[in-house]
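This report concerns only the one structure given below.
Treat the numbers as computed from the prediction; the structure is a model and nothing was measured.
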Amino acid sequence: MQRLTVRNPVSYPILIGEGVLEELPPLEGPLALLYDRKVEGFARKLAERLGVEHRLGLEGGEGAKTLAVYGQALSFLAQRALPRNTTLLVVGGGTLTDLGGFVAATYLRGIPYLSFPTTTLGVVDASVGGKTGINLPEGKNLVGAFHFPQGVYAELRTLKTLSPFTFKEGLVEAFKHGIISGEEGLLEVEGLTPENPRLEAYLAQAVGVKVRITQQDPTEKGERRLLNLGHTLGHALEAYTHHALPHGAAVAYGLLYAALLGKLLGGEDLAPLVLRLLRWLSPPPLPRVSWEDLLPYLLRDKKKVSENLHWVVPLGLGHLRVTPLPEATLEEAFGLWKEALEGFALFDQNP
């Protein structure tokens, strides 16, 4: 069992391993459960252990992060007249964590919640750091709030229910943490499987990077912006494909673009490292997208400051810059990005 503690702005434990339900503290007040139906067995075990009466199962994926589903979850709590000392238990992948955290942040102006991530993406990224939110048709994560859990309990046995691709795509975020921190062990994703004994320590190392950064900058005024590496173009690709492109794959494509920006700005060439990641991930191919296709989504990106879109640019492992960039540089990098993907046959071959 790996144990980490977040200490700022609120203190909460993170447990990663097998048998995490045995480590749950006593919970006071009413309990409600929001869970992904794909892991109904684990959710039922949690509910039985804690005596949870109020349960709402949802379909996971980006379809859960809509205004309609958000309203459904709020009504579920309100119809049962659940009070402010209710604790919401959120079980599922990153989309359920985002949705459930936002429900907890806004129901009765805020109730406590515990997170039980059941995907690699949920473990290393979405469940930690207090970012919650939902999507709009105009873009990803445009509505949200910072609301921190009272604890994160990652039961690694649930990862064995994932498809091989879903398992891999969540590790793209861990790979990203390796670029940000310079911890080269996080770049070694080949060979990782749910059965690999190295997995528990690897996930804890990846989470540790995010914990260190978010403790220093909980509400993304400075250093936490580094965690958006690969996400600016990645979120635009997700929105452009109407979320047909999974988040991890979109971030992997975005990491390649960021690496090419870094090379253009005189930094180390990290593109071969990211191309190795893409080869291992084997993501769905992209539609033949143009810069003009993505521009409307980029202009609505939540990381925009005044009229400038700030890009996270890796100049080397552990050496990043957050900066606005000239349009000419962005378009030049996009051309190089398309060339690299053509070389790896990562565009849809149908016109």
Check whether [X] and [Y] end up in the same hydrophobic cluster, where Ile, Leu, Val, Met, Phe, Trp and Tyr are linked by side-chain heavy atoms less than 4.5 Å apart.
| X | Y | answer |
| --- | --- | --- |
| Val10 | Leu27 | no |
| Leu255 | Leu298 | yes |
| Leu34 | Leu82 | yes |

Quiz prompt | Any donor-acceptor N or O pair under 3.5 Å, side chains Asn228, Glu220 | solution =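 Yes.
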Quiz item: Going by distance alone, is a donor N or O of one side chain under 3.5 Å from an acceptor N or O of the other, for Ser290 and Asp293?
Solution: yes
Does [X] use its side chain to pair, donor to acceptor, with the backbone of [Y] at less than 3.5 Å?
| X | Y | answer |
| --- | --- | --- |
| Arg37 | Gly57 | yes |
| Asn135 | Gly139 | no |
| Tyr257 | Leu330 | yes |
| Lys338 | Val289 | yes |
| Arg55 | Val52 | yes |
| Ser115 | Ser127 | no |
| Gln150 | Leu114 | no |

Around [X], counting heavy atoms of other residues, nucleotides and ligands shown, do more than 12 lie under 6.0 Å from its [atom1]?
| X | atom1 | answer |
| --- | --- | --- |
| Glu23 | CD | yes |
| Arg321 | CZ | no |
| Glu188 | CD | yes |
| Glu28 | CD | no |

Expected list for residues 87-103: side-chain donor-acceptor pairs under 3.5 angstrom, two or more places apart:
residue	atom	partner	partner atom	Å
Thr95	OG1	Gly61	N	3.1
Thr95	OG1	Gly61	O	3.3
Thr97	OG1	Gly93	O	3.2
Asp98	OD2	Lys65	NZ	2.7

Quiz item: Are side-chain heavy atoms of His177 and Leu227 found at a separation under 4.5 Å?
Solution: yes
Exercise. Would you indicate whether the side-chain heavy atoms of Asp36 and Leu58 approach each other to under 4.5 Å?
Key: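 Counting from C-beta outward, Leu58 and Asp36 never come under 4.5 Å.
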Quiz prompt | Qualifying residue for side-chain contact (heavy atoms from CB on, under 4.5 Å) with Leu294, from Leu299, Leu233, Thr232 | solution =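 Output: one option passes, namely Leu233.
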Which donor-acceptor pairs under 3.5 Å do side chains of residues 276-284 form with protein atoms, sequence neighbours excluded?
residue	atom	partner	partner atom	Å
Arg276	NE	Glu190	OE2	3.1
Arg276	NH2	Leu187	O	3.0

Exercise. Sequence neighbours left out, what pairs pass salt bridge (Lys or Arg N to Asp or Glu O under 4.0 Å) with at least one residue falling in residues 243-260?
Key: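 Qualifying pairs: none.
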In a table with atom names and distances, give each donor-acceptor pair under 3.5 Å that connects a side chain of residues 159-166 to protein atoms at least two apart or in another chain.
residue	atom	partner	partner atom	Å
Thr161	OG1	Thr158	O	2.7
Ser163	OG	Thr166	N	3.1
Ser163	OG	Thr166	OG1	2.9

Quiz item: Looking at the rings of His231 and His247, which for Trp means the six-membered one, are their centres under 6.0 Å apart?
Solution: yes
Quiz item: Hey, would you say the His147 and Tyr113 ring centroids sit under 6.0 Å apart?
Solution: yes
Self-check item: Co-members of Leu121 in a cluster of I, L, V, M, F, W and Y side chains, linked at under 4.5 Å
Solution: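 Hydrophobic cluster check, Leu121: no partners found.
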Quick one: side-chain contact (heavy atoms from CB on, under 4.5 Å) partners of [X], sequence neighbours excluded?
| X | value |
| --- | --- |
| Ser75 | Gln79 |
| Pro218 | Asn8, Pro9, Phe148 |
| Arg157 | Glu18, Glu155 |

Practice problem: Tell me, please, which residues at least two apart from Phe334 pass ring pair (Phe, Tyr, Trp, His ring centres under 6.0 Å). | Solution: Trp291, Trp337
Which donor-acceptor pairs under 3.5 Å do the side chains of residues 266-274 make with protein atoms, sequence neighbours left out?
residue	atom	partner	partner atom	Å
Asp269	OD1	Ala271	N	3.1

Quiz item: Looking at NZ of Lys221 and OG1 of Thr219, how far apart are the two atoms once the value is rounded to the nearest 0.5 Å?
Solution: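 Reported value, rounded in 0.5 Å steps: 3.0 Å.
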Practice problem: Kindly compute the distance separating CG (Leu77) from CD (Gln72), expressed to the nearest 0.5 Å. | Solution: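 Going from CG on Leu77 over to CD on Gln72, the span is 11.0 Å.
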Under 3.5 Å, which donor-acceptor pairs link side chains of residues 39-48 to any protein atom two or more places apart or in another chain?
residue	atom	partner	partner atom	Å
Glu40	OE2	Tyr35	OH	3.4

In a table with atom names and distances, give each donor-acceptor pair under 3.5 Å that connects a side chain of residues 205-214 to protein atoms at least two apart or in another chain.
residue	atom	partner	partner atom	Å
Gln205	NE2	Glu183	OE1	2.8
Lys210	NZ	Asp125	O	2.6
Lys210	NZ	Asp125	OD1	3.0
Lys210	NZ	Val128	O	3.0
Arg212	NH2	Glu183	OE2	2.6
Thr214	OG1	Lys210	O	2.8
Thr214	OG1	Val211	O	3.3

